[in-house]
Each structure stands twice: as structure tokens, then as C-alpha cells.
Amino acid sequence: MNGSNRLVEESLASSEQAEHTHHHHSDHEHTDHNPAAVESVHPHVHSEESLRRIVNRLSRIEGHIRGVKTMVQQNTPCPDVLLQIAAVRGALDKVARIVLDEHLTECIARASENGNIDAEIQQLKAALDRFLP
């Protein structure tokens, strides 16, 4: 593995070790970019800090993917490319865990308080059906 790929992998690993806290107090609402998605039963309000952390992780993943593309273009040995792809998968799975954890601790709890927990759980189940293989 060359130096730049090692740097990308180390950067990704260190970002995954960063602490994630949950704060839902801003007026930001999610906008769904998937027209087939089900309308949520409550507004998803997340703190700017939470959004910043998730976006930063996704930006690092974007950079890592560009690094994998460069590896392929430079005919890097296949095992090295596969290792980097596995690192990208792991990083993306970590982001999914953060989003799911936040949804469970904040959004589901809020739905329970508001009396619409059943609808929220059904939406979560539908999302997990699409997410999990």
C-alpha cells in the first residue's frame, strides 16, 4: 500500500474513533432526496454538531472512494484495492450506526412521547429492510 492510501486509511480510522454525542435542539429538518421514501411521522430535528460530524465523516469517505478509484486507475494490486473497499464499507457502516443510534435515542423516543411510536417503528422497519442485505 502506498503512503497516500495509508494516510487515507489512517484518517478514516481516526475519524471512526471520534466521540459521537447526541443533541437534537436545532430547527433543521431533514429533506428527503429519495422520492420513493415514506413521509416521516415527525420532523427530524438534529443539532448542528450532530449534522457536522456526520457530514465530516461522509466527506472523508468520499475522499477515500476517490483514492480507491485512483488505485484502480493506477493498476494497484487487487488485494490492496479490496482492502480499501473493505475500509470504505466499514466507514459507511459506522455512519449508518451513528444515524440509527441517533434515530433510536432521539426520534423514536420523541415519537413515543408524542403517541405515534407504532408508525415510527413501522417506518424504521421499512428502512432497515432496504438497508440490510
Side-chain angles (χ1 to χ4, degrees):
M1 180 182 321
N2 69 30
S4 66
N5 291 333
R6 195 172 310 110
L7 285 176
V8 170
E9 189 171 40
E10 288 169 1
S11 169
L12 209 49
S14 68
S15 72
E16 291 175 5
Q17 294 170 356
E19 180 183 329
H20 179 76
T21 59
H22 304 288
H23 304 282
H24 279 50
H25 301 293
S26 81
D27 292 347
H28 175 81
E29 291 189 25
H30 287 255
T31 54
D32 196 338
H33 300 289
N34 179 358
V38 177
E39 187 70 25
S40 182
V41 294
H42 76 277
H44 289 260
V45 181
H46 302 276
S47 74
E48 293 301 317
E49 175 68 13
S50 174
L51 294 173
R52 183 189 61 77
R53 288 180 185 205
I54 291 170
V55 168
N56 284 346
R57 283 177 178 269
L58 291 170
S59 294
R60 283 190 291 273
I61 293 168
E62 260 182 328
H64 200 166
I65 289 171
R66 282 191 299 275
V68 172
K69 181 179 175 185
T70 299
M71 290 174 73
V72 170
Q73 291 170 331
Q74 295 174 348
N75 291 316
T76 301
C78 295
D80 292 343
V81 173
L82 291 171
L83 183 65
Q84 294 304 311
I85 291 171
V88 169
R89 279 183 175 170
L92 200 52
D93 285 345
K94 180 65 176 173
V95 171
R97 282 178 178 259
I98 290 168
V99 170
L100 177 59
D101 181 57
E102 190 162 309
H103 186 68
L104 290 172
T105 58
E106 300 293 337
C107 302
I108 295 290
R110 186 172 32 252
S112 178
E113 291 170 4
N114 295 337
N116 56 353
I117 187 73
D118 291 334
E120 193 67 38
I121 288 175
Q122 287 304 317
Q123 287 183 354
L124 178 58
K125 285 180 180 179
L128 288 173
D129 284 344
R130 290 187 302 271
F131 176 74
L132 297 173

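This one's a predicted model, so the numbers in the text were calculated from it and none came from an experiment.
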So, taking the atom named [atom1] in [X] and the one named [atom2] in [Y], what distance separates them when rounded to the nearest 0.5 Å?
{"X": "Glu120", "Y": "Gln122", "atom1": "CD", "atom2": "CD", "answer": "10.5 Å"}
{"X": "Arg89", "Y": "Ile61", "atom1": "CZ", "atom2": "CD1", "answer": "13.5 Å"}
{"X": "Ile85", "Y": "Met71", "atom1": "CD1", "atom2": "CE", "answer": "8.5 Å"}
{"X": "Asn116", "Y": "Gln123", "atom1": "CG", "atom2": "CD", "answer": "9.0 Å"}
{"X": "Arg53", "Y": "Glu49", "atom1": "CZ", "atom2": "CD", "answer": "4.5 Å"}

Taking only residues two or more places apart in sequence, or in another chain, which ones meet [X] in a side-chain contact (heavy atoms from CB on, under 4.5 Å)?
{"X": "Asn56", "result": "Arg52, Arg60"}
{"X": "Ser112", "result": "Ile117"}
{"X": "Leu124", "result": "Leu100, His103, Leu104, Ile108, Leu128"}
{"X": "Gln73", "result": "Lys69, Thr70"}

Chi angles and distances behind the side-chain contact (heavy atoms from CB on, under 4.5 Å) call for Gln84, Thr76: CA-CA 11 Å; Gln84 294 304 311; Thr76 301; over 6 Å; no
List the steps and the verdict of side-chain contact (heavy atoms from CB on, under 4.5 Å) for Glu102 and Ser50. CA-CA 9 Å; Glu102 190 162 309; Ser50 174; 2.6 Å; yes
I'd like to know if the side chain of Thr105 reaches the main chain of Asp101, judged simply by a donor and an acceptor atom lying under 3.5 Å from each other, with no hydrogens or angles considered.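 Flag set: sc Thr105 to bb Asp101 pair under 3.5 Å.
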Beyond-backbone contact of Ile98 with Arg57, side-chain heavy atoms, under 4.5 angstrom: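 When only atoms from C-beta onward are counted, Arg57 and Ile98 do touch, with a gap below 4.5 Å.
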According to a hydrophobic-cluster definition based on side-chain heavy atoms being under 4.5 Å apart (Ile, Leu, Val, Met, Phe, Trp, Tyr only), do Val55 and Ile65 belong together?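 Val55 and Ile65: separate clusters.
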